[in-house]
Number of protein chains: 2
Amino acid sequence: MDADRCLKMLKALSDETRLKIFEMLKGGKLCACKILEGLNITQPTLSHHMKILCDCGLADAERDWKWTHYSINKDALKALTDWLNGENEGKI
Amino acid sequence: MDADRCLKMLKALSDETRLKIFEMLKGGKLCACKILEGLNITQPTLSHHMKILCDCGLADAERDWKWTHYSINKDALKALTDWLNGENEGKI
DNA sequence: TTATAGTATTGACAAATATCTATCTGATGA
DNA sequence: TCATCAGATAGATATTTGTCAATACTATAA
């Protein structure tokens, strides 16, 4: 885990809508359509946000038939918080 | 610690310059002029960034004669990482 | 009071970005 | 093959924000 990766994750979390999505996903895996229900944004906007969350590694996407299920990548999250807390040793 | 406060902290950390400052301060308390030395920005820009870091609670400012010393507020940092990790119980 | 020095504020501007509409893609089922 | 549907991409726009130069503030020292 380096500062660049950390910065990317922090940028991903530093938007109100994406932080809301993050909170929703903390409760467990969710389909894109379910996430969309809880937010006042359009589908392309959600798609854009999910890409940012996935690209930085904080979220994982899993296609199941026609739906995409998203979940938090707990290892990435832990790497981020460890880095912030100064426990910069190894991993990810 | 609520999501709003968390969002403010994440926004504060989601800028490359401020994350560098954060890293510097993780090594210990620093004078503004020392921070400035390690960054290619002007003094007003640093002042602007320090205000953001202090306003969200992640950094503390301490005036000593004519110099201002900045440090990380470890309680605030822990509250942030706890919140991200889902340990949302109480405090700050 | 006046000069000096470290830090903060203001105002302007350019770059980044969150959002939308419109459209595309890819897979399924008739 | 064609229609349908979930999700992705493209292009445009408005807002946010990082930066600077200029200036103000505040405390000290002469």
Side-chain angles (χ1 to χ4, degrees), chain A residues 3-25 28-73 80, chain B residues 3-25 28-73 80:
Chain A
D4 266 10
R5 177 94 192 284
C6 191
L7 180 61
K8 222 176 161 191
M9 290 187 183
L10 289 166
K11 276 179 190 276
L13 290 175
S14 71
D15 172 78
E16 184 175 2
T17 301
R18 287 195 296 268
L19 194 59
K20 272 186 197 161
I21 295 170
F22 174 83
E23 282 190 87
M24 295 168 94
L25 293 181
K29 191 177 291 189
L30 283 178
C31 173
C33 53
K34 275 289 165 196
I35 300 174
L36 201 49
E37 280 177 16
L39 302 168
N40 269 331
I41 57 174
T42 61
Q43 176 271 321
T45 300
L46 175 64
S47 186
H48 169 246
H49 285 313
M50 295 320 300
K51 183 165 167 42
I52 290 172
L53 284 169
C54 289
D55 280 355
C56 76
L58 270 174
D60 292 320
E62 197 182 334
R63 290 208 78 145
D64 175 26
W65 199 42
K66 51 203 320 189
W67 294 281
T68 305
H69 295 267
Y70 294 99
S71 56
I72 296 294
N73 184 314
L80 171 65
Chain B
D4 267 9
R5 177 95 192 283
C6 191
L7 179 60
K8 224 175 161 190
M9 290 187 182
L10 289 167
K11 276 179 191 277
L13 290 175
S14 71
D15 172 75
E16 185 176 2
T17 301
R18 288 195 295 268
L19 194 59
K20 272 186 197 159
I21 295 170
F22 175 82
E23 283 189 86
M24 297 168 94
L25 293 181
K29 191 178 290 191
L30 283 177
C31 173
C33 52
K34 276 287 165 195
I35 300 175
L36 202 48
E37 280 178 16
L39 300 168
N40 268 330
I41 56 173
T42 60
Q43 176 271 322
T45 299
L46 175 64
S47 186
H48 169 244
H49 285 313
M50 295 319 300
K51 183 165 169 39
I52 290 172
L53 284 169
C54 289
D55 280 355
C56 76
L58 270 175
D60 291 321
E62 196 182 335
R63 290 207 81 145
D64 175 25
W65 198 42
K66 52 206 316 193
W67 293 281
T68 305
H69 295 268
Y70 294 98
S71 56
I72 296 293
N73 184 314
L80 171 64

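Note that the coordinates shown come from a computational prediction; the quantities given were computed from them, not determined experimentally. Each chain gets a letter, A, B and so on, in the order the sequences are listed, and its residues count up from 1.
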query: Quick one: CG on B:L80 to CG on B:L7, what's the gap to the nearest 0.5 Å?
result: 10.5 Å
- prompt: Does the distance from a Lys or Arg side-chain N to an Asp or Glu carboxylate O, for B:E37 and B:K34, drop under 4.0 Å?
  reply: yes
query: Going by heavy atoms in the side chains, are B:L46 and B:I21 under 4.5 Å from each other?
result: yes
query: According to a strict under-4.0 Å criterion, is A:K11 in side-chain N/O contact with OP1 or OP2 of C:dT17?
result: yes
message: If I take atom CG in residue A:N40 and atom C1' in nucleotide C:dT19, what distance separates them, rounded to the nearest angstrom?
response: 13 Å
query: Shortest non-hydrogen contact from A:L19 to B:A3?
result: CD2-O, 3.8 Å
field: Rounded distance in Å - CG (B:L30) to C1' (C:dG6)
entry: 16 Å
- line: Atom CD of B:E62 and atom P of C:dG6 are separated, to the nearest Å, by 19 Å
query: Do B:L13 and A:L13 touch side chain to side chain, with heavy atoms closer than 4.5 Å?
result: no
task: Would you mind reading off the distance between A:L10 atom CG and C:dA16 atom P, rounded to a whole angstrom?
output: 19 Å
- prompt: Counting distance only, does the side-chain N/O of A:S14 pair as donor-acceptor with the main-chain N or O of A:K11 below 3.5 Å?
  reply: yes
task: Specify the closest pair of heavy atoms between A:N73 and A:G57, including all atoms of both residues, with the distance to one decimal.
output: CB-O, 3.2 Å
message: I need the CD1-P distance between A:I52 and C:dA16, as an integer number of Å.
response: 14 Å
task: Test side-chain contact (heavy atoms from CB on, under 4.5 Å) on A:H48 and A:I52 and set out the steps.
output: CA-CA 7 Å; A:H48 169 246; A:I52 290 172; 3.5 Å; yes
- prompt: OP1, OP2 of D:dG18 versus side-chain N and O of B:T17: anything below 4.0 Å?
  reply: no
I'd like a list of close polar pairs between nucleotides 2-9 of chain D and the protein, N/O only, cut-off under 3.5 Å.
from: D:dA6; atom 1: O3'; to: A:K66; atom 2: O; distance (Å): 3.2
from: D:dG7; atom 1: OP1; to: A:T68; atom 2: N; distance (Å): 2.9
from: D:dA8; atom 1: OP1; to: A:Y70; atom 2: OH; distance (Å): 3.4
from: D:dA8; atom 1: OP2; to: A:S47; atom 2: OG; distance (Å): 2.8
from: D:dA8; atom 1: O5'; to: A:S47; atom 2: OG; distance (Å): 3.4
from: D:dA8; atom 1: N7; to: A:Q43; atom 2: NE2; distance (Å): 2.7
from: D:dA8; atom 1: N6; to: A:Q43; atom 2: OE1; distance (Å): 3.0

Angle between terminal axes - the helix from C:dT1-D:dA30 to C:dA30-D:dT1, 5 pairs each end, rounded to 10°: 20°
- request: Kindly point out which of D:dA29, C:dA18, C:dT19 is positioned nearest to the side chain of B:W65?
  value: D:dA29
query: Nearest-Å distance, CG (B:D55) to P (D:dT17)?
result: 13 Å
- request: Nearest whole angstrom, please: distance from the P of C:dA18 to the CG of A:D15.
  value: 5 Å
query: Between C:dA16 atom C1' and B:E16 atom CD, what is the distance in whole Å?
result: 13 Å
message: Set out, in order, the CA-CA distance, both residues' side-chain angles and the distance that settles side-chain contact (heavy atoms from CB on, under 4.5 Å) for B:H49 and B:I41, then state yes or no.
response: CA-CA 10 Å; B:H49 285 313; B:I41 56 173; 4.3 Å; yes
